[in-house]
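Both backbone and side-chain heavy atoms feed into the values below; hydrogens, waters and symmetry mates do not.
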Amino acid sequence: MTKPRTSSGLLALCFSSLIAHRSPMHHPRIFRDNVDSLRDAMRRRRKLDEFAPLIDRGVALDLERRSVIQAVEERKAARNANSQEVARRKKAGEPAAELMAAGRQLGEEIQRLEGELAAAEAELNGILLGMPNVTLADVPAGGEEANTVVRSWGMPRPAAGVKPHWEIGEALGILDLQRGAKISGSGFVVFRGLGARLTRALMNFFIDTHVREHGYEETWVPVVVNRASMIGTSQLPKFEEDMYALRDEDLFLIPTAEVPVTNLYRDEILDAGSLPRGFVAYTPCFRREAGAAGKDTRGLLRVHEFDKVEMVRYCTPEQGDEEHERLTRHAEILLERLGLPYRRVLLAAGDTGFGAARCYDLECWAPGVEKWLEVSSCSTFTDFQARRANIRYRPATGDKPLFIHTLNGSGLAFPRVIACLLEHYQQPDGHVTVPEVLRPYLGVEVL
RNA sequence: GGACAGGUGGCCGAGUGGCUUAAGGCGCACGCCUGGAAAGCGUGUGGUGGGGCAACUCACUCGCGGGUUCGAAUCCCGCCCUGUCCGCCA
(Lines give C-alpha, C1' and ligand atoms only; values in the text may rest on other atoms or scores of the structure.)
Protein backbone atom coordinates (compact mmCIF):
# COMPACT_ATOMS: atom_id res chain seq x y z
CA MET A 1 0.00 0.00 0.00
CA THR A 2 1.46 3.29 -1.01
CA LYS A 3 0.58 6.13 1.21
CA PRO A 4 0.02 9.29 -0.76
CA ARG A 5 2.64 11.82 0.13
CA THR A 6 1.93 15.34 -0.88
CA SER A 7 4.17 18.06 0.30
CA SER A 8 1.82 18.62 3.15
CA GLY A 9 1.42 14.99 3.90
CA LEU A 10 5.01 15.45 4.88
CA LEU A 11 3.93 18.08 7.28
CA ALA A 12 2.66 15.56 9.67
CA LEU A 13 0.85 18.01 11.77
CA CYS A 14 -0.79 15.49 13.74
CA PHE A 15 -2.57 16.68 16.69
CA SER A 16 -6.12 15.95 15.92
CA SER A 17 -6.78 14.07 19.05
CA LEU A 18 -5.13 16.42 21.46
CA ILE A 19 -7.92 18.70 20.56
CA ALA A 20 -10.47 17.46 22.90
CA HIS A 21 -10.08 13.92 23.70
CA ARG A 22 -8.30 10.91 24.89
CA SER A 23 -5.41 9.60 22.91
CA PRO A 24 -2.30 11.64 23.46
CA MET A 25 -1.61 12.53 19.89
CA HIS A 26 -0.84 10.98 16.60
CA HIS A 27 2.68 11.14 15.34
CA PRO A 28 4.91 14.16 15.30
CA ARG A 29 6.92 12.42 12.63
CA ILE A 30 7.56 15.69 10.95
CA PHE A 31 10.23 16.29 13.55
CA ARG A 32 11.83 12.98 12.76
CA ASP A 33 11.55 12.70 9.02
CA ASN A 34 11.18 16.08 7.43
CA VAL A 35 12.68 18.82 9.47
CA ASP A 36 14.41 20.30 6.46
CA SER A 37 11.29 20.57 4.35
CA LEU A 38 9.51 22.09 7.32
CA ARG A 39 12.21 24.72 7.70
CA ASP A 40 12.04 25.42 3.99
CA ALA A 41 8.28 25.81 4.17
CA MET A 42 8.61 28.38 6.94
CA ARG A 43 11.27 30.19 4.96
CA ARG A 44 8.93 30.45 1.97
CA ARG A 45 6.31 31.94 4.25
CA ARG A 46 8.89 34.40 5.57
CA LYS A 47 8.37 32.88 9.00
CA LEU A 48 11.63 31.04 9.55
CA ASP A 49 12.84 33.38 12.26
CA GLU A 50 9.69 32.76 14.22
CA PHE A 51 9.60 29.01 13.81
CA ALA A 52 13.20 27.85 13.68
CA PRO A 53 13.55 27.69 17.49
CA LEU A 54 10.21 25.90 17.76
CA ILE A 55 11.27 23.35 15.20
CA ASP A 56 14.45 22.66 17.14
CA ARG A 57 12.45 22.30 20.31
CA GLY A 58 10.03 19.98 18.54
CA VAL A 59 12.85 17.67 17.49
CA ALA A 60 14.08 17.45 21.07
CA LEU A 61 10.58 16.91 22.43
CA ASP A 62 9.89 14.12 19.98
CA LEU A 63 13.01 12.29 21.12
CA GLU A 64 12.13 12.82 24.74
CA ARG A 65 8.57 11.71 24.19
CA ARG A 66 9.57 8.46 22.58
CA SER A 67 12.07 7.57 25.23
CA VAL A 68 9.54 8.21 28.00
CA ILE A 69 6.95 6.15 26.16
CA GLN A 70 9.33 3.23 26.06
CA ALA A 71 10.01 3.54 29.78
CA VAL A 72 6.31 3.75 30.60
CA GLU A 73 5.30 0.84 28.42
CA GLU A 74 8.04 -1.36 29.77
CA ARG A 75 6.67 -0.84 33.26
CA LYS A 76 3.10 -1.30 32.18
CA ALA A 77 3.97 -4.62 30.63
CA ALA A 78 5.67 -5.60 33.87
CA ARG A 79 2.66 -4.51 35.88
CA ASN A 80 0.30 -6.52 33.69
CA ALA A 81 2.40 -9.64 34.10
CA ASN A 82 2.65 -9.01 37.83
CA SER A 83 -1.10 -8.72 38.21
CA GLN A 84 -1.64 -11.91 36.30
CA GLU A 85 0.69 -13.69 38.67
CA VAL A 86 -1.06 -12.22 41.70
CA ALA A 87 -4.34 -13.55 40.38
CA ARG A 88 -2.85 -16.96 39.78
CA ARG A 89 -1.35 -17.20 43.27
CA LYS A 90 -4.46 -16.03 45.01
CA LYS A 91 -6.44 -18.65 43.20
CA ALA A 92 -3.87 -21.26 44.17
CA GLY A 93 -3.88 -20.07 47.75
CA GLU A 94 -0.23 -19.03 47.60
CA PRO A 95 1.07 -15.86 49.26
CA ALA A 96 1.33 -12.78 47.02
CA ALA A 97 2.18 -9.96 49.38
CA GLU A 98 5.61 -9.19 47.93
CA LEU A 99 4.21 -9.17 44.38
CA MET A 100 1.54 -6.74 45.44
CA ALA A 101 4.23 -4.49 46.87
CA ALA A 102 6.17 -4.71 43.62
CA GLY A 103 3.02 -3.77 41.75
CA ARG A 104 2.53 -0.78 43.95
CA GLN A 105 6.09 0.29 43.22
CA LEU A 106 5.54 -0.07 39.46
CA GLY A 107 2.35 1.94 39.73
CA GLU A 108 4.18 4.82 41.32
CA GLU A 109 6.85 4.83 38.63
CA ILE A 110 4.23 4.70 35.92
CA GLN A 111 2.45 7.65 37.42
CA ARG A 112 5.65 9.68 37.58
CA LEU A 113 6.66 8.84 34.00
CA GLU A 114 3.19 9.57 32.69
CA GLY A 115 3.46 13.00 34.22
CA GLU A 116 6.65 13.60 32.26
CA LEU A 117 5.04 12.26 29.13
CA ALA A 118 2.01 14.48 29.46
CA ALA A 119 4.19 17.55 29.89
CA ALA A 120 6.29 16.74 26.83
CA GLU A 121 3.26 15.99 24.69
CA ALA A 122 1.45 19.11 25.78
CA GLU A 123 4.39 21.25 24.75
CA LEU A 124 4.84 19.34 21.53
CA ASN A 125 1.17 19.62 20.67
CA GLY A 126 1.27 23.31 21.35
CA ILE A 127 4.10 23.72 18.90
CA LEU A 128 2.39 21.61 16.26
CA LEU A 129 -0.93 23.41 16.61
CA GLY A 130 0.79 26.74 16.19
CA MET A 131 2.68 25.83 13.04
CA PRO A 132 1.17 26.85 9.70
CA ASN A 133 0.59 24.47 6.82
CA VAL A 134 3.24 23.81 4.21
CA THR A 135 2.37 25.49 0.94
CA LEU A 136 2.35 23.53 -2.30
CA ALA A 137 5.18 23.67 -4.80
CA ASP A 138 3.49 26.08 -7.22
CA VAL A 139 2.90 28.71 -4.54
CA PRO A 140 5.40 31.55 -4.92
CA ALA A 141 7.71 32.14 -1.99
CA GLY A 142 7.57 35.53 -0.35
CA GLY A 143 5.03 38.04 0.90
CA GLU A 144 2.14 39.97 -0.56
CA GLU A 145 4.37 41.53 -3.22
CA ALA A 146 4.80 38.08 -4.75
CA ASN A 147 1.08 37.52 -5.25
CA THR A 148 0.32 36.74 -8.88
CA VAL A 149 -2.71 37.49 -11.01
CA VAL A 150 -3.27 34.22 -12.87
CA ARG A 151 -6.39 35.07 -14.83
CA SER A 152 -8.91 37.81 -15.25
CA TRP A 153 -12.39 38.21 -16.66
CA GLY A 154 -14.44 41.18 -17.82
CA MET A 155 -13.72 44.84 -18.39
CA PRO A 156 -13.26 46.93 -15.27
CA ARG A 157 -15.53 49.97 -15.44
CA PRO A 158 -13.70 53.31 -15.44
CA ALA A 159 -14.01 55.14 -12.14
CA ALA A 160 -15.10 58.43 -13.64
CA GLY A 161 -18.45 59.59 -12.26
CA VAL A 162 -19.05 56.51 -10.11
CA LYS A 163 -20.02 57.09 -6.50
CA PRO A 164 -18.91 54.74 -3.71
CA HIS A 165 -21.48 52.12 -2.77
CA TRP A 166 -22.31 53.61 0.62
CA GLU A 167 -23.50 56.80 -0.99
CA ILE A 168 -25.56 54.94 -3.55
CA GLY A 169 -26.95 52.54 -1.02
CA GLU A 170 -27.97 55.15 1.50
CA ALA A 171 -29.46 57.37 -1.23
CA LEU A 172 -31.57 54.46 -2.44
CA GLY A 173 -32.63 53.63 1.10
CA ILE A 174 -31.36 50.07 0.88
CA LEU A 175 -28.41 50.49 3.23
CA ASP A 176 -28.58 51.99 6.74
CA LEU A 177 -25.14 52.23 8.29
CA GLN A 178 -26.16 54.75 10.95
CA ARG A 179 -28.74 52.53 12.51
CA GLY A 180 -26.57 49.47 12.19
CA ALA A 181 -23.99 51.28 14.31
CA LYS A 182 -26.65 52.39 16.76
CA ILE A 183 -28.08 48.98 17.47
CA SER A 184 -24.82 47.02 17.44
CA GLY A 185 -21.77 49.18 16.84
CA SER A 186 -19.60 50.28 13.97
CA GLY A 187 -19.10 47.53 11.47
CA PHE A 188 -22.66 46.28 11.69
CA VAL A 189 -24.99 46.91 8.81
CA VAL A 190 -28.73 47.17 8.29
CA PHE A 191 -30.12 46.42 4.85
CA ARG A 192 -33.61 47.68 4.11
CA GLY A 193 -36.25 47.16 1.50
CA LEU A 194 -34.71 45.99 -1.75
CA GLY A 195 -31.34 45.87 0.00
CA ALA A 196 -32.63 43.24 2.40
CA ARG A 197 -34.26 41.42 -0.45
CA LEU A 198 -31.01 41.57 -2.40
CA THR A 199 -29.31 39.67 0.40
CA ARG A 200 -32.00 37.03 0.23
CA ALA A 201 -31.69 36.95 -3.55
CA LEU A 202 -27.94 36.43 -3.46
CA MET A 203 -28.31 33.64 -0.95
CA ASN A 204 -30.79 31.82 -3.14
CA PHE A 205 -28.96 32.44 -6.40
CA PHE A 206 -25.66 31.23 -5.00
CA ILE A 207 -27.04 28.16 -3.25
CA ASP A 208 -29.30 27.21 -6.15
CA THR A 209 -26.39 27.36 -8.56
CA HIS A 210 -24.11 25.26 -6.40
CA VAL A 211 -26.77 22.68 -5.65
CA ARG A 212 -28.34 22.38 -9.08
CA GLU A 213 -25.32 22.85 -11.30
CA HIS A 214 -22.25 22.10 -9.22
CA GLY A 215 -23.51 19.10 -7.28
CA TYR A 216 -23.21 20.37 -3.73
CA GLU A 217 -25.28 19.09 -0.83
CA GLU A 218 -27.17 21.92 0.77
CA THR A 219 -26.64 22.24 4.52
CA TRP A 220 -27.88 24.56 7.22
CA VAL A 221 -25.56 24.54 10.18
CA PRO A 222 -25.07 26.09 13.63
CA VAL A 223 -23.28 29.41 13.73
CA VAL A 224 -22.17 28.78 17.31
CA VAL A 225 -19.52 26.08 17.63
CA ASN A 226 -17.36 24.48 20.29
CA ARG A 227 -13.63 24.70 20.79
CA ALA A 228 -12.87 21.35 19.19
CA SER A 229 -14.45 22.52 15.94
CA MET A 230 -12.49 25.75 16.00
CA ILE A 231 -9.26 23.81 16.50
CA GLY A 232 -10.24 21.36 13.77
CA THR A 233 -10.31 24.02 11.08
CA SER A 234 -7.36 25.87 12.67
CA GLN A 235 -8.95 29.11 13.84
CA LEU A 236 -7.75 28.07 17.28
CA PRO A 237 -5.61 28.12 19.27
CA LYS A 238 -3.72 30.79 17.36
CA PHE A 239 -6.39 33.32 16.48
CA GLU A 240 -8.63 33.34 19.50
CA GLU A 241 -8.52 37.13 19.81
CA ASP A 242 -10.10 37.46 16.38
CA MET A 243 -13.13 35.41 17.38
CA TYR A 244 -16.32 36.40 19.08
CA ALA A 245 -16.77 34.11 22.08
CA LEU A 246 -19.72 33.52 24.36
CA ARG A 247 -19.20 34.70 27.90
CA ASP A 248 -20.62 31.79 29.87
CA GLU A 249 -19.74 28.84 27.73
CA ASP A 250 -16.75 27.66 25.75
CA LEU A 251 -18.45 28.45 22.46
CA PHE A 252 -17.65 30.76 19.58
CA LEU A 253 -19.48 32.59 16.82
CA ILE A 254 -18.19 31.26 13.53
CA PRO A 255 -16.00 33.48 11.37
CA THR A 256 -17.02 31.39 8.37
CA ALA A 257 -19.25 28.40 7.62
CA GLU A 258 -16.03 26.55 6.88
CA VAL A 259 -15.90 25.76 10.59
CA PRO A 260 -19.18 23.91 11.14
CA VAL A 261 -19.28 22.40 7.66
CA THR A 262 -15.72 21.06 7.57
CA ASN A 263 -16.25 19.64 11.05
CA LEU A 264 -19.35 17.73 9.96
CA TYR A 265 -17.33 14.54 9.69
CA ARG A 266 -14.81 15.21 12.44
CA ASP A 267 -13.59 11.94 13.99
CA GLU A 268 -15.15 9.85 11.26
CA ILE A 269 -13.91 7.50 8.56
CA LEU A 270 -15.50 7.89 5.13
CA ASP A 271 -15.90 5.48 2.25
CA ALA A 272 -13.58 6.28 -0.62
CA GLY A 273 -16.58 6.01 -2.91
CA SER A 274 -18.14 9.05 -1.30
CA LEU A 275 -15.25 11.27 -2.42
CA PRO A 276 -15.03 13.85 -3.75
CA ARG A 277 -18.07 15.50 -2.25
CA GLY A 278 -19.16 19.05 -1.63
CA PHE A 279 -21.28 20.88 0.91
CA VAL A 280 -22.66 24.36 0.63
CA ALA A 281 -24.04 26.50 3.42
CA TYR A 282 -25.28 30.00 3.91
CA THR A 283 -24.39 31.57 7.26
CA PRO A 284 -23.70 34.89 8.82
CA CYS A 285 -20.02 35.27 9.72
CA PHE A 286 -18.61 37.09 12.72
CA ARG A 287 -15.16 38.64 12.88
CA ARG A 288 -13.72 40.95 15.44
CA GLU A 289 -11.12 42.23 12.96
CA ALA A 290 -8.92 42.87 15.96
CA GLY A 291 -5.78 43.47 13.94
CA ALA A 292 -7.42 45.58 11.25
CA ALA A 293 -8.39 48.70 13.16
CA GLY A 294 -8.76 51.66 10.86
CA LYS A 295 -8.44 49.72 7.61
CA ASP A 296 -11.25 49.81 5.07
CA THR A 297 -13.71 51.11 7.60
CA ARG A 298 -16.11 52.72 5.18
CA GLY A 299 -19.27 51.16 3.94
CA LEU A 300 -19.32 47.46 3.33
CA LEU A 301 -15.62 46.90 2.88
CA ARG A 302 -14.85 45.41 6.27
CA VAL A 303 -17.61 44.63 8.73
CA HIS A 304 -17.90 42.56 11.90
CA GLU A 305 -20.91 40.59 10.77
CA PHE A 306 -21.59 39.62 7.19
CA ASP A 307 -23.35 37.00 5.15
CA LYS A 308 -21.68 34.41 3.02
CA VAL A 309 -22.37 31.27 1.09
CA GLU A 310 -19.52 28.85 1.59
CA MET A 311 -18.48 25.80 -0.37
CA VAL A 312 -16.59 23.00 1.37
CA ARG A 313 -15.15 20.00 -0.42
CA TYR A 314 -13.73 16.70 0.79
CA CYS A 315 -11.50 14.64 -1.45
CA THR A 316 -8.61 12.19 -1.59
CA PRO A 317 -5.02 13.47 -1.77
CA GLU A 318 -4.85 12.49 -5.44
CA GLN A 319 -7.90 14.60 -6.23
CA GLY A 320 -6.64 17.65 -4.36
CA ASP A 321 -5.31 19.77 -7.19
CA GLU A 322 -8.14 19.24 -9.62
CA GLU A 323 -10.65 19.80 -6.82
CA HIS A 324 -9.03 23.10 -6.00
CA GLU A 325 -9.44 24.25 -9.57
CA ARG A 326 -13.01 22.99 -9.67
CA LEU A 327 -13.91 24.78 -6.45
CA THR A 328 -12.40 28.02 -7.65
CA ARG A 329 -14.31 27.82 -10.92
CA HIS A 330 -17.54 27.33 -8.99
CA ALA A 331 -16.97 30.70 -7.38
CA GLU A 332 -15.82 32.40 -10.58
CA ILE A 333 -18.89 31.27 -12.45
CA LEU A 334 -21.07 33.22 -10.03
CA LEU A 335 -19.16 36.41 -10.75
CA GLU A 336 -19.42 35.80 -14.48
CA ARG A 337 -23.18 35.31 -14.22
CA LEU A 338 -23.39 38.51 -12.23
CA GLY A 339 -21.33 40.21 -14.90
CA LEU A 340 -18.78 41.53 -12.45
CA PRO A 341 -15.20 41.89 -13.74
CA TYR A 342 -12.76 39.99 -11.57
CA ARG A 343 -9.28 38.60 -11.38
CA ARG A 344 -7.88 35.47 -9.80
CA VAL A 345 -4.85 36.00 -7.62
CA LEU A 346 -2.55 33.19 -6.54
CA LEU A 347 -1.38 34.21 -3.11
CA ALA A 348 2.29 33.98 -2.23
CA ALA A 349 3.26 31.71 0.64
CA GLY A 350 3.61 34.55 3.10
CA ASP A 351 0.13 35.85 2.28
CA THR A 352 -1.51 32.43 2.32
CA GLY A 353 -3.67 31.76 5.37
CA PHE A 354 -2.35 29.77 8.30
CA GLY A 355 -4.00 26.49 7.40
CA ALA A 356 -4.02 26.78 3.63
CA ALA A 357 -1.56 25.08 1.29
CA ARG A 358 -2.63 27.09 -1.75
CA CYS A 359 -5.08 29.94 -1.96
CA TYR A 360 -6.69 31.84 -4.82
CA ASP A 361 -8.33 35.13 -3.98
CA LEU A 362 -11.01 36.31 -6.34
CA GLU A 363 -11.02 40.07 -6.54
CA CYS A 364 -13.82 42.05 -8.02
CA TRP A 365 -13.45 45.54 -9.43
CA ALA A 366 -15.29 48.26 -7.51
CA PRO A 367 -15.08 51.46 -9.57
CA GLY A 368 -16.59 53.66 -6.87
CA VAL A 369 -13.84 53.01 -4.37
CA GLU A 370 -11.36 52.22 -7.12
CA LYS A 371 -10.25 48.98 -5.57
CA TRP A 372 -10.15 45.29 -6.30
CA LEU A 373 -12.24 43.78 -3.53
CA GLU A 374 -11.65 40.27 -2.28
CA VAL A 375 -15.00 38.55 -2.66
CA SER A 376 -13.83 34.98 -2.39
CA SER A 377 -10.93 33.04 -1.06
CA CYS A 378 -10.59 29.52 -2.40
CA SER A 379 -8.13 27.31 -0.56
CA THR A 380 -6.95 23.79 -0.33
CA PHE A 381 -5.81 22.74 3.09
CA THR A 382 -4.36 19.45 1.92
CA ASP A 383 -4.53 17.17 4.97
CA PHE A 384 -3.87 19.94 7.49
CA GLN A 385 -7.43 20.33 8.73
CA ALA A 386 -8.19 16.65 8.29
CA ARG A 387 -5.39 15.79 10.71
CA ARG A 388 -6.58 18.31 13.25
CA ALA A 389 -10.20 17.27 12.86
CA ASN A 390 -9.34 13.60 12.36
CA ILE A 391 -11.34 13.13 9.15
CA ARG A 392 -10.23 10.08 7.23
CA TYR A 393 -11.26 7.75 4.42
CA ARG A 394 -10.55 4.13 3.68
CA PRO A 395 -9.18 3.69 0.15
CA ALA A 396 -10.44 0.09 -0.04
CA THR A 397 -11.81 -2.52 2.30
CA GLY A 398 -9.08 -3.64 4.64
CA ASP A 399 -6.84 -0.64 3.98
CA LYS A 400 -5.65 1.61 6.75
CA PRO A 401 -7.56 4.86 6.89
CA LEU A 402 -5.84 7.93 5.42
CA PHE A 403 -6.51 11.59 5.97
CA ILE A 404 -8.68 13.28 3.39
CA HIS A 405 -7.99 16.67 1.86
CA THR A 406 -10.33 19.53 2.67
CA LEU A 407 -10.98 22.61 0.58
CA ASN A 408 -13.20 25.58 0.93
CA GLY A 409 -14.10 28.78 -0.81
CA SER A 410 -16.55 31.59 -0.56
CA GLY A 411 -19.23 31.36 -3.12
CA LEU A 412 -19.59 34.25 -2.40
CA ALA A 413 -19.27 36.80 0.41
CA PHE A 414 -22.19 39.23 0.20
CA PRO A 415 -21.12 42.71 1.33
CA ARG A 416 -18.33 43.25 -1.16
CA VAL A 417 -20.36 41.66 -3.94
CA ILE A 418 -23.12 44.11 -3.09
CA ALA A 419 -20.61 46.96 -3.11
CA CYS A 420 -19.38 45.91 -6.55
CA LEU A 421 -22.91 45.50 -7.87
CA LEU A 422 -23.92 48.95 -6.68
CA GLU A 423 -20.85 50.58 -8.15
CA HIS A 424 -20.52 48.57 -11.35
CA TYR A 425 -24.18 48.83 -12.33
CA GLN A 426 -24.67 52.39 -11.20
CA GLN A 427 -26.63 54.54 -13.65
CA PRO A 428 -26.20 58.31 -14.12
CA ASP A 429 -29.46 58.95 -12.22
CA GLY A 430 -28.21 57.09 -9.16
CA HIS A 431 -30.26 53.96 -9.73
CA VAL A 432 -28.68 50.55 -10.17
CA THR A 433 -29.40 48.03 -12.90
CA VAL A 434 -30.05 44.52 -11.59
CA PRO A 435 -28.13 41.78 -13.45
CA GLU A 436 -30.34 39.34 -15.36
CA VAL A 437 -29.64 36.36 -13.12
CA LEU A 438 -30.91 38.15 -10.03
CA ARG A 439 -34.13 39.46 -11.52
CA PRO A 440 -36.16 36.32 -10.90
CA TYR A 441 -35.03 36.41 -7.30
CA LEU A 442 -35.49 40.14 -6.77
CA GLY A 443 -38.56 40.75 -8.85
CA VAL A 444 -37.28 44.09 -10.14
CA GLU A 445 -34.91 45.23 -12.87
CA VAL A 446 -33.65 48.36 -11.19
CA LEU A 447 -32.78 49.29 -7.64
C1' G B 1 -32.94 24.37 34.77
C1' G B 2 -35.11 19.75 37.83
C1' A B 3 -36.01 14.19 38.20
C1' C B 4 -35.17 9.56 36.44
C1' A B 5 -32.70 6.08 32.65
C1' G B 6 -28.75 5.23 29.62
C1' G B 7 -23.67 5.74 26.79
C1' U B 8 -19.64 -1.33 25.24
C1' G B 9 -16.11 -2.97 18.68
C1' G B 10 -19.32 -0.94 11.53
C1' C B 11 -24.34 -2.33 13.85
C1' C B 12 -27.24 -5.12 17.75
C1' G B 13 -26.13 -6.89 22.40
C1' A B 14 -23.93 -9.79 27.05
C1' G B 15 -20.91 -8.50 30.83
C1' U B 16 -20.94 -5.31 38.74
C1' G B 17 -12.97 -6.44 40.57
C1' G B 18 -8.69 -11.19 37.94
C1' C B 19 -9.37 -17.84 32.71
C1' U B 20 -13.25 -11.17 29.03
C1' U B 21 -5.98 -10.51 26.28
C1' A B 22 -14.95 -7.81 25.47
C1' A B 23 -19.34 -13.68 25.12
C1' G B 24 -22.99 -14.13 21.29
C1' G B 25 -25.40 -12.34 16.94
C1' C B 26 -25.63 -9.22 12.44
C1' G B 27 -22.74 -7.14 8.75
C1' C B 28 -18.24 -7.47 6.00
C1' A B 29 -13.79 -10.16 3.68
C1' C B 30 -11.65 -14.67 2.11
C1' G B 31 -12.17 -19.95 1.45
C1' C B 32 -15.05 -24.69 1.02
C1' C B 33 -19.45 -26.44 -1.15
C1' U B 34 -22.35 -25.42 -6.20
C1' G B 35 -23.26 -25.69 -13.25
C1' G B 36 -24.02 -20.70 -10.99
C1' A B 37 -26.21 -18.49 -6.73
C1' A B 38 -28.63 -18.76 -1.99
C1' A B 39 -28.40 -21.60 2.27
C1' G B 40 -24.76 -24.22 5.00
C1' C B 41 -19.70 -24.83 6.81
C1' G B 42 -14.74 -22.79 7.97
C1' U B 43 -11.34 -18.70 8.77
C1' G B 44 -10.69 -13.72 9.65
C1' U B 45 -12.59 -8.96 11.08
C1' G B 46 -11.30 -1.97 14.45
C1' G B 47 -8.41 2.41 15.96
C1' U B 48 -3.90 5.01 18.09
C1' G B 49 1.03 5.03 19.75
C1' G B 50 6.17 2.66 20.66
C1' G B 51 10.02 -0.88 18.82
C1' G B 52 11.68 -3.86 14.61
C1' C B 53 10.00 -0.72 10.74
C1' A B 54 8.49 -7.11 6.84
C1' A B 55 6.76 -11.11 9.50
C1' C B 56 6.08 -9.66 14.51
C1' U B 57 5.68 -7.52 19.26
C1' C B 58 4.42 -4.26 23.40
C1' A B 59 1.19 -0.45 25.31
C1' C B 60 -3.36 2.08 25.11
C1' U B 61 -8.68 1.94 23.52
C1' C B 62 -15.83 -0.29 26.70
C1' G B 63 -18.60 8.56 26.21
C1' C B 64 -14.35 12.06 28.40
C1' G B 65 -11.13 13.12 32.60
C1' G B 66 -9.49 12.02 37.46
C1' G B 67 -9.43 8.51 41.81
C1' U B 68 -9.35 3.67 44.68
C1' U B 69 -6.65 -1.19 43.82
C1' C B 70 -1.27 -5.62 42.84
C1' G B 71 -5.24 -5.52 38.98
C1' A B 72 -11.09 -1.48 36.67
C1' A B 73 -15.79 -2.08 31.04
C1' U B 74 -17.00 -3.46 36.18
C1' C B 75 -16.16 0.51 42.43
C1' C B 76 -15.84 6.26 43.66
C1' C B 77 -15.80 11.66 41.97
C1' G B 78 -16.34 15.44 38.12
C1' C B 79 -17.78 16.54 33.16
C1' C B 80 -20.07 15.68 28.21
C1' C B 81 -23.84 13.53 25.31
C1' U B 82 -28.57 10.80 24.41
C1' G B 83 -33.67 9.35 25.88
C1' U B 84 -38.20 10.08 28.89
C1' C B 85 -41.03 13.19 32.16
C1' C B 86 -41.50 18.18 34.42
C1' G B 87 -40.50 23.47 34.16
C1' C B 88 -39.38 27.54 30.79
C1' C B 89 -39.57 29.35 25.87
C1' A B 90 -39.16 31.27 19.76
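Distance from the side chain of Ile69(A) is smallest to G49(B) among G49(B), A59(B), G47(B). Which of C70(B), G47(B), C60(B) sits closest to the side chain of Arg104(A) comes down to C70(B). The side chain of Arg392(A) approaches U48(B) more closely than any other nucleotide in the set U48(B), G49(B), C19(B). Among the nucleotides G18(B), C60(B), G47(B), the one closest to any side-chain atom of Lys90(A) is G18(B). Proximity note for Ala77(A) (side chain, C-beta onward) versus G50(B), A59(B), C19(B): the nearest is A59(B). Listed candidates were G50(B), C70(B), G47(B). Nearest to the side chain of Asn82(A) is C70(B). Side chain of Gln70(A), nearest nucleotide from G71(B), U48(B), G51(B): G51(B).
If you check G17(B) for Watson-Crick or wobble pairing at under 3.5 angstrom, you find it has no partner at all. Figure legend. G31(B) is base-paired to C41(B); pairs are counted as Watson-Crick or G-U wobble with both atom distances under 3.5 Å. Taking a pair to require two hydrogen-bonding distances under 3.5 Å in either a Watson-Crick or a G-U wobble arrangement, A59(B) pairs with U48(B). In a base pair of the Watson-Crick type (N1 to N3 plus N6-O4 or O6-N4) or a G-U wobble (N1-O2 and O6-N3), with each distance short of 3.5 Å, A3(B) is matched with U84(B).
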Practice task
Show your working on salt bridge (Lys or Arg N to Asp or Glu O under 4.0 Å) between Glu322(A) and Arg326(A) and close with a plain yes or no.
Solution key: CA-CA 6 Å; Glu322(A) 94 186 71; Arg326(A) 177 170 295 142; 3.6 Å; yes
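When the P atom is compared between C80(B) and U21(B), the two are found 33 Å apart, to the nearest whole Å. Taking atom P in both U84(B) and G78(B), one finds a spacing of 25 Å when rounded to whole Å. A59(B) and A73(B) have their P atoms separated by 14 Å, with the value rounded to a whole Å. One C1' atom belongs to C76(B), the other to G17(B), and the distance between them is 13 Å to the nearest Å. Taking the C1' atom of each, G51(B) and U69(B) are spaced 30 Å apart, rounded to whole Å. With both ends at atom P, the span from G15(B) to C30(B) equals 35 Å, rounded to whole Å. Going from the P atom of U82(B) to that of U8(B) covers 14 Å, rounded to whole Å. On the P atoms, G65(B) is 34 Å away from G27(B), given to the nearest whole Å.
Taking a cutoff of 4.0 Å between a charged side-chain nitrogen and a carboxylate oxygen, Arg287(A) and Glu305(A) do not qualify as a salt bridge. Taking the charged nitrogens against the carboxylate oxygens, Lys76(A) and Glu114(A) do have a contact shorter than 4.0 Å, which makes a salt bridge. At a threshold of 4.0 Å, the pair Arg394(A)-Asp271(A) does not count as salt-bridged, since none of the basic side-chain nitrogens sits closer than that to a carboxylate oxygen.
Side-chain N/O atoms of Arg227(A) include none lying less than 4.0 angstrom from OP1 or OP2 on C80(B). Residue Arg65(A) places at least one side-chain N or O under 4.0 Å from the OP1 or OP2 atom of G50(B). Residue Arg32(A) places at least one side-chain N or O closer than 4.0 Å to OP1 or OP2 of G50(B). Asn80(A) has no side-chain polar atom (N or O) that falls below the 4.0 Å cut-off from OP1 or OP2 of C58(B). Residue Lys400(A) places at least one side-chain N or O closer than 4.0 Å to OP1 or OP2 of G47(B). Side-chain N/O atoms of Arg66(A) include one lying less than 4.0 angstrom from OP1 or OP2 on G51(B).
Gln105(A) comes within 4.0 angstrom of nothing in the nucleic acid, heavy atoms only. Residue-level contact check: Arg394(A) touches the backbone only, with heavy atoms under 4.0 Å from sugar-phosphate atoms and none from bases.
In textbook terms, a nucleotide whose glycosidic angle is within 90° of 0 is syn, and U61(B) is one such case.
Legend: side-chain hydrogen bond (donor to acceptor under 3.5 Å, both in side chains) pairs involving residues 246-256 of chain A, not counting sequence neighbours, sorted by first then second residue: Arg227(A)-Asp250(A), Thr256(A)-Lys308(A).
For Tyr314(A) and Phe279(A), the ring centers sit closer than 6.0 Å to each other.
With RNA chain B read from its 5' end, the first of the two nearest nucleotides for Gln111(A) and Ala87(A) is the one closest to Ala87(A).
Judged by atom type and distance alone, Glu73(A) reaches the base of G49(B) through a side-chain donor-acceptor pair under 3.5 Å.
Under a cutoff of 6.0 Å and an axis angle of 45°, Arg200(A) and Phe191(A) do not form a cation-pi pair.
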